[in-house]
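Notes to accompany the following structure.
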Amino acid sequence: METESLSARLTAAGLGRVANDIIQLSMPSIRLHCRQTTDQAELPLGNSRLGGRPDLPSGKNWPAWQGSPMAFVGQVNLADIAAHDQEGHLPHSGLLSFFCAINEMGLIQSLGDPSCWTVSHFDGDPATLVQLPLPPDLPKRLQFRGCETSFSREPTLPDVRSRGILNLGLSEPERNAYIDVMTGVDVNFLGVFNHHLLGYPYTLNDLPFIAGYLKAHGVADPYAIFLGLSNEELQHRLQLLNLPHKWEDEQDLRDKADMEWRLLLQVYTNEEAQMIWAASGVLHFCIPKEALSRRDFDRVWVEMQFV
């Protein structure tokens, strides 16, 4: 979805009045285009891939959660995305690898437990990389097919509940038209359910940053605060938790999480690698903006959304 195409879609949807404002709010992403390979040997050592087998530094073990191997989601050779990351949000050298512990239902093993995932950045000598074999105790359903990956730069749109969109003062017909464009209804969902680095997340529920934001701000169990409460109920819940930070209401919480956090990687349920997240869901690797600027990938938080 190029910016010119986005402008045409917004205008065709009846959003011409605010099309330029929406484009200003859009954020570039780096989309992953995946091609399934029949043989893992086709994937050169250190190349970008979704699924398959990881390339890790010699001597490094396959990441595990409570003794069981995590699912290998993919790796990005950062030199491959340098031309598309004009803002320099990511490193432009080395290998960024993503793992997550997934249970038999296709869900994250332990909700809100950061030990269930790991994101590592290797920027050493590529000659020291070793392609690890699949662990014998990795369940078959988590032995994802290797997919060669290429990249393109594409704009993404903020959620309809984001502060920037709310500030546009959309009428109800305009709001519905924006939702159609944001969710891809206007183009029969073509290309919307994709994998991408950076940009805005495609949400099936609420903002995927909220739980990580709450955890970072002193909430031991971030899922103890449920969105959808009335303002009075939310304030009562916050008082009970005796938190060091306060939020006026659900929207204030959403706004502050959005200000501090951003998407690192989004991976959808897909046929190419035969990845299935719950009920056709999406996996969001999220990170505080300041942590990303410091290349601190230990601060990543993972959310899974599904309908």
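Residues Phe72 and Gly51 approach most closely at CE2-O, 3.1 Å, considering heavy atoms. For the residue pair Glu272 and Cys34, the shortest heavy atom distance occurs at CG-O, 4.1 Å. When all heavy atoms are compared, the tightest approach of Leu129 to Gly46 is CD1-CA, 4.1 Å. Closest of all the heavy-atom pairs between Gly67 and Ala64 is C-CB, 4.2 Å. Here the closest heavy-atom approach between residue Asn77 and residue Asn47 is recorded as CB-C, 4.4 Å. Scanning all heavy atoms of the two residues, the minimum distance from Cys147 to Ala273 falls at SG-N, 3.6 Å.
One N or O on the side chain of Lys289 and one on the backbone of Met259 form a donor-acceptor pair closer than 3.5 Å. At distances below 3.5 Å, not a single donor-acceptor pair connects side-chain atoms of Thr11 with backbone N or O atoms of Ala8. One N or O on the side chain of Thr269 and one on the backbone of Gly281 form a donor-acceptor pair closer than 3.5 Å. Trp277 contributes a side-chain N or O that, together with a main-chain N or O of Val267, makes up a donor-acceptor pair within less than 3.5 Å. A donor-acceptor pair under 3.5 Å is absent between the side-chain atoms of Arg145 and the main chain of Gln36, judged by distance alone. Side-chain atoms of Glu303 do not come within 3.5 Å of backbone N or O of His284 as any donor-acceptor pair. In this structure, the side chain of Gln266 engages the main chain of Tyr202 through a donor-acceptor pair within 3.5 Å.
Leu197 and Phe122 fall into different hydrophobic clusters, where Ile, Leu, Val, Met, Phe, Trp and Tyr residues are linked whenever their side-chain heavy atoms come under 4.5 Å apart, directly or through other members. Cluster membership for Leu132 and Phe98, using ILVMFWY side-chain heavy atoms within less than 4.5 angstrom, is shared. There is no path of hydrophobic side-chain contacts, each under 4.5 Å, that joins Leu166 to Ile179. Linking Ile, Leu, Val, Met, Phe, Trp and Tyr residues whenever their side-chain heavy atoms come within less than 4.5 Å leaves Ile276 and Ile108 in two separate clusters.
The neighbour count for Gln86 CD, taken as heavy atoms of other residues, nucleotides or ligands under 6.0 Å away, is above 12. Around the CG atom of Asp113, the shell of radius 6.0 Å holds more than 12 heavy atoms that belong to other residues, nucleotides or ligands. Atom CE of Met27 sits in a crowded spot, with more than 12 heavy atoms from other residues, nucleotides or ligands closer than 6.0 Å.
Here the side chains of Gln109 and Gln66 are not in contact, with every heavy-atom distance at 4.5 Å or above.
With rounding to the nearest 0.5 angstrom, the CG atom of Leu265 is 6.5 Å from the CG atom of Leu32. Going from atom CD of Gln305 over to atom OH of Tyr268 covers 8.0 Å, rounded to the nearest 0.5 Å. With rounding to the nearest 0.5 Å, the separation of CZ in Arg53 from CG in Leu134 is 6.0 Å. Atom CG in Leu78 sits 5.5 Å away from atom CG in Leu96 (nearest 0.5 Å). Once rounded to the nearest 0.5 Å, the distance linking CG of Leu25 with OG1 of Thr156 reads 11.0 Å. Rounding to the nearest 0.5 Å gives a distance of 4.5 Å between CZ of Arg31 and CG of Asn194.
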key: Evaluation steps, side-chain contact (heavy atoms from CB on, under 4.5 Å), between Leu6 and Val181   = CA-CA 9 Å; Leu6 175 58; Val181 175; 4.3 Å; yes
task = Just do the side-chain contact (heavy atoms from CB on, under 4.5 Å) check on Leu253 and Tyr213 with the steps written out, would you?
result = CA-CA 9 Å; Leu253 174 57; Tyr213 168 83; 3.7 Å; yes
inquiry  = Using the rule given for side-chain contact (heavy atoms from CB on, under 4.5 Å), can you reason through Val73 versus Phe285, listing the C-alpha separation, both sets of side-chain angles and the distance that settles it, and then say yes or no?
reply    = CA-CA 11 Å; Val73 178; Phe285 290 81; 4.2 Å; yes
key: Chi angles and distances behind the side-chain contact (heavy atoms from CB on, under 4.5 Å) call for Phe99, Trp65   = CA-CA 10 Å; Phe99 292 82; Trp65 178 78; over 6 Å; no
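Between the side chains of Gln251 and Asp255, at least one donor N or O sits under 3.5 Å from an acceptor N or O.
Partners of Asp55 by side chain to side chain donor-acceptor pair (under 3.5 Å), not counting sequence neighbours, listed by chain and number: Arg49, Gln75, Gln131. Under the side chain to side chain donor-acceptor pair (under 3.5 Å) criterion, Arg141 pairs with no residue, sequence neighbours left out.
The aromatic rings of Trp301 and Trp117 stand perpendicular to each other, their planes meeting at an angle above 60°, with 30° marking the opposite boundary.
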